Structures are given as structure tokens and as C-alpha cells.
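Comments concern the structure below.
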Amino acid sequence: MSLTVENLIANLLLLLLGWAWLDALRAREMAIGLARRACAKSGVQLLDQAVALRRLSLRWTRQGVRVHRRYRFEFSEEGIGRRQGHVILTGLRLESLTLDMSEHLSQHLAPDPDSGAEQRP
């Protein structure tokens, strides 16, 4: 079996697509874990045990180009009503985690060193 340029390009595209899919799954699982921990720390309940991707873009960082993802999730303060929170990741590094609470307009949680998220240098 000979390897032509077309076959090589097709194989590289399949590998790239597989890598992008696995990277997206890893980032989503990380966002779910971060949302779950933030809700537990704030004494609220994460609803649906899920996050939804709201924005996807590329960002330049000191380490090169990274995928910038913004996830939205819903939580409940006392089991009544739904409130929104957001997790923002650049690559696999936590940029921001926000819970929209009723007592104050919003609560911003700083990245936790124990969260497993990469920290800024």
C-alpha cells in the first residue's frame, strides 16, 4: 500500500479532528468539576450536573494560541428558581468563575490552587 499525499493529508486531518474532540471533552469535564466545586463551596446546588458551551474562540497567550471557552451552568440557592453561573477557560487554565447570586449581583470566585487548573506564571 503506497502512501499518497492525499492519504497523508486525510490521515492528518482525522488526527487533528480526534485531538480537537478529546480536548473539548477534557475542557468540558474540567468545567463541570469546577462548577460543582464552586457550587458546593457556596452552598448552592448545581442543576442538571452539566455545563453548556456558549462561546468558543482563539486567544494569543505567552504560550501561543489557546482555545478560549465560555461555559454556562445553572444552580439553585434553595431548590427554588434557577440562577446562572459562568466558567471561562483559556486552554485548560481557569480564567474566571462567576455565580450570579441573589444577595449580591454576582460572586466571583478566584481560581483555587487545588482545582487542578493550570495557574498563571
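Please read all numbers here as calculations on a predicted model, not as lab measurements.
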Does a donor on one side chain and an acceptor on the other come within less than 3.5 Å for Thr90 and His68? yes
Is there a donor-acceptor contact under 3.5 Å from the side chain of Thr61 to the main chain of Gln63? yes
Please confirm whether the backbone N or O of Asn7 pairs with a side-chain atom of Asn11, one donor and one acceptor, at under 3.5 Å? yes
For residues [X] and [Y]: do they belong to one hydrophobic cluster (side chain heavy atoms under 4.5 Å, members Ile, Leu, Val, Met, Phe, Trp, Tyr)?
{"X": "Leu92", "Y": "Ile88", "value": "no"}
{"X": "Trp19", "Y": "Leu17", "value": "no"}
{"X": "Phe73", "Y": "Leu53", "value": "yes"}
{"X": "Val67", "Y": "Trp60", "value": "yes"}

Considering all heavy atoms of both residues, which atom of [X] and which atom of [Y] are nearest to each other, and what is their separation?
{"X": "Leu94", "Y": "Leu89", "result": "CA-CD2, 3.7 Å"}
{"X": "Asp100", "Y": "Arg83", "result": "O-CD, 3.1 Å"}
{"X": "Ala31", "Y": "Tyr71", "result": "CB-CD1, 3.6 Å"}
{"X": "Arg69", "Y": "Ala27", "result": "NH1-CB, 3.5 Å"}
{"X": "Gly81", "Y": "Ser76", "result": "O-OG, 3.3 Å"}
{"X": "Glu74", "Y": "Leu46", "result": "O-CD1, 3.5 Å"}

Supply the atom-to-atom distance [X] [atom1] to [Y] [atom2], rounded to the nearest 0.5 angstrom.
{"X": "Met30", "Y": "Ile32", "atom1": "CE", "atom2": "CD1", "result": "12.5 Å"}
{"X": "Glu95", "Y": "Arg66", "atom1": "CD", "atom2": "CZ", "result": "11.5 Å"}
{"X": "Leu97", "Y": "Cys39", "atom1": "CG", "atom2": "SG", "result": "8.0 Å"}
{"X": "Leu34", "Y": "Ser96", "atom1": "CG", "atom2": "OG", "result": "11.0 Å"}

Glu78 atom CD: more than 12 heavy-atom contacts under 6.0 Å: no
